[in-house]
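The block underneath contains the structure these notes are about, expressed in structure tokens.
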Amino acid sequence: MGEGERFQLGTVGALTLSVVSSVSIVICNKALMSSLHFIFATTLTSWHLLVTFCSLHVALRMRFFEHKPFEQKAVMGFGILNGISIGLLNLSLGFNSVGFYQMTKLAIIPCTVMLETIFLGKRFSKRIQFALAILLLGVGIATVTDLQLNAMGSFLSLLAVITTCVAQIMTNTIQKKFKVSSTQLLYQSCPYQAATLLVSGPFLDKFLTNQNVFAFNYTTQVTVFIVLSCLISISVNFSTFLVIGKTSPVTYQVLGHLKTCLVLAFGYILLHDPFSWRNILGILIAMVGMILYSYYCTLENQQKAVETSVQTSQAREAESDPLINVENGSSVVSDSVVLMSPLWSKDKD
């Protein structure tokens with residue numbers, strides 16, 4: 001099996017793990033919050049991150065991965081930003097209607113595209129943009145209902161979108177810049193994410209729910225579901241970093257909307273949630289957008305692979321026959337520098 005095939009297999013595995021674990025934790029948390037009335041989302045997320053860090057520390061001791069320290073300021077800033085983005089998303093949900101919150105989540109994709117285009121010089125083809133537009137239209141039809149606007153909720157949603165986009169872009173760029181794996185980055189940033197939410201979580205949940213997380217009646221059933229949620233979160237957090245590192249922030253957001261569609265479908269089939277033809281139509285349109293996005297990404301990646309292969313062969317030919325370069329008035333060194341392709345491409349999408 002070649003290196004390209006192994007990379008594709010690893011990417012498919014990461015995407016599958018992300019979908020399965022995310023859908024599982026949504027179903028678990030829905031039971032925890034709706035049926036058992038444990039509604040402290042931010043505090044629960046801080047426990048998720050704490051358990052993830054502890055499990056990764058055990059894995060490090062067992063030498064499942066190697067610790068690779070890098071710039072501490074980058075890790076700290078990245079971890080705190082991730083924690084803040086989670087808190088802002090929860091605040092956005094608390095201050096806005098469910099429909100407006102869904103619009104906030106939809107806004108993450110175009111915002112990410114805009115930021116990567118402006119600051120990273122990334123280019124998205126017209127067909128990729130078309131596929132993303134169909135996807136967002138479908139998810140919007142399936143999930144967005146009422147749109148009640150208010151100044152504070154809109155401001156919090158804007159901050160949530162920006163911090164989430166920047167954090168996910170940093171997840172990809174940090175892994176590439178410092179040549180660290182998703183596991184190494186998650187291990188080093190988890191303490192800062194967990195600390196940010198452990199400190200702010202109880203106050204934020206108290207503000208949003210008017211209840212104290214420490215005064216809640218922790219029955220055996222509630223405790224079991226919390227433990228289960230924390231265990232599933234290990235896979236969720238790991239697969240998130242893995243997917244963004246292997247693909248891109250935009251692809252991760254596309255995958256997130258696939259999870260939304262699956263959760264809606266599972267809710268209807270397993271939990272008999274209310275469903276309408278609008279939901280079905282929206283999911284079908286979103287699936288078309290996802291299929292087009294996957295197809296166009298695969299097509300463009302194959303084209304880039306062919307171009308890279310041609311450039312590499314041209315570079316080898318230039319090295320094997322330096323007289324050609326001398327006759328054309330250029331040196332072998334300058335040609336090899338121009339034709340040398342990067343190890344990774346920003347234009348994954």
Side-chain angles (χ1 to χ4, degrees), residues 18 22 26 41-42 45 78 81-120 122-173 204 208 240 243-244 247-264 278-279 281-283 285-290 292-294 296-297 348-349:
S18 180
S22 294
V26 166
T42 309
T45 304
F78 170 71
L81 181 64
N82 260 302
I84 292 173
S85 71
I86 294 170
L88 285 171
L89 282 170
N90 288 338
L91 272 174
S92 174
L93 179 58
F95 275 86
N96 294 301
S97 64
V98 175
F100 190 80
Y101 175 73
Q102 290 295 340
M103 286 295 295
T104 298
K105 291 175 67 177
L106 289 177
I108 292 175
I109 284 184
C111 182
T112 302
V113 169
M114 182 183 70
L115 290 177
E116 289 194 313
T117 301
I118 295 173
F119 295 103
L120 298 181
K122 190 171 182 179
R123 294 291 176 265
F124 295 85
S125 66
K126 294 293 184 183
R127 51 191 179 184
I128 290 291
Q129 295 176 29
F130 173 70
L132 290 175
I134 292 179
L135 165 66
L136 295 177
L137 174 65
V139 176
I141 292 173
T143 61
V144 177
T145 52
D146 56 318
L147 289 176
Q148 299 174 10
L149 302 179
N150 64 83
M152 178 59 72
S154 301
F155 177 69
L156 289 171
S157 294
L158 177 63
L159 290 179
V161 169
I162 293 173
T163 53
T164 301
C165 292
V166 173
Q168 291 181 359
I169 291 172
M170 286 180 66
T171 303
N172 184 274
T173 54
L204 188 60
L208 292 174
T240 296
V243 168
I244 297 177
T247 56
S248 71
V250 174
T251 299
Y252 176 72
Q253 285 300 321
V254 171
L255 189 69
H257 291 306
L258 170 62
K259 299 170 191 174
T260 301
C261 293
L262 289 176
V263 168
L264 287 173
R278 175 179 171 175
N279 298 126
L281 176 63
I283 290 175
I285 293 174
M287 294 303 295
V288 170
M290 291 173 199
L292 286 175
Y293 177 81
S294 301
Y296 290 147
C297 281
K348 288 182 182 175
D349 293 304

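It should be emphasised that the depicted structure is a prediction, and the values quoted were computed from it without experimental measurement. Quick note: numbers below take in every heavy atom, side chains included, and nothing from hydrogens, waters or symmetry partners.
For Leu89 against Tyr101, the heavy-atom pair with the smallest separation is O-CE1, 3.4 Å. Among all heavy-atom pairs drawn from Glu116 and Ile169, the shortest one is CG-CD1, 3.7 Å. Between Leu208 and Gly94 the shortest heavy-atom distance is CD2-CA, 3.9 Å. In terms of heavy atoms, Asn279 sits closest to Ala142 at ND2-O, 2.8 Å. Closest approach of Ile108 and Cys165 over heavy atoms only: O-SG, 3.4 Å. Between Ser248 and Tyr293, the closest heavy-atom pair is OG-OH, 4.4 Å.
For the residue pair Thr247 / Tyr252, no side-chain donor-acceptor distance below 3.5 Å is found, with atom types taken as modelled.
The line from CG of Leu135 to SG of Cys261 is 7.5 Å long, rounded to the nearest 0.5 Å. To the nearest 0.5 angstrom, Ile84 atom CD1 is 7.5 Å from Thr163 atom OG1. Atom-to-atom distance recorded for Leu158:CG and Ser92:OG is 10.0 Å, nearest 0.5 angstrom. Taken to the nearest 0.5 Å, the CG atom of Leu137 stands 12.5 Å off from the CG atom of Leu132. How far NZ of Lys105 is from CG of Leu136: 12.5 Å, rounded to the nearest 0.5 Å.
A heavy-atom distance below 4.5 Å is not found between the side chains of Leu159 and Leu91. Residues Leu106 and His257 are in side-chain contact: their nearest non-hydrogen atoms beyond the backbone lie under 4.5 Å apart. The closest side-chain heavy-atom distance from Gln168 to Asn172 is not below 4.5 Å. Annotation: side chain of Asn90 is not in contact with side chain of Leu93 (no heavy-atom distance under 4.5 Å). No side-chain heavy atom of Lys259 sits less than 4.5 Å from a side-chain heavy atom of Val26. Side-chain atoms of Cys297 and Ile128, non-hydrogen and from C-beta on, do get closer than 4.5 Å to each other. Inter-residue side-chain proximity for Leu255 and Ser22 is flagged as unmet; no heavy-atom pair is nearer than 4.5 Å. Met290 places none of its side-chain heavy atoms less than 4.5 Å from the side chain of Ile134.
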Verify side chain to side chain donor-acceptor pair (under 3.5 Å) between Ser157 and Asn96, making sure each step is shown before the conclusion.
CA-CA 8 Å; Ser157 294; Asn96 294 301; 2.9 Å; yes

Go through the steps to decide whether Leu115 and Cys111 satisfy the test side chain to side chain contact (heavy atoms under 4.5 Å, CB included), and finish with yes or no.
CA-CA 6 Å; Leu115 290 177; Cys111 182; 4.0 Å; yes

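At distances below 3.5 Å, at least one donor-acceptor pair connects side-chain atoms of Gln129 with backbone N or O atoms of Phe124. Here the side chain of Thr164 pairs no donor or acceptor atom with the backbone of Val161 at under 3.5 angstrom.
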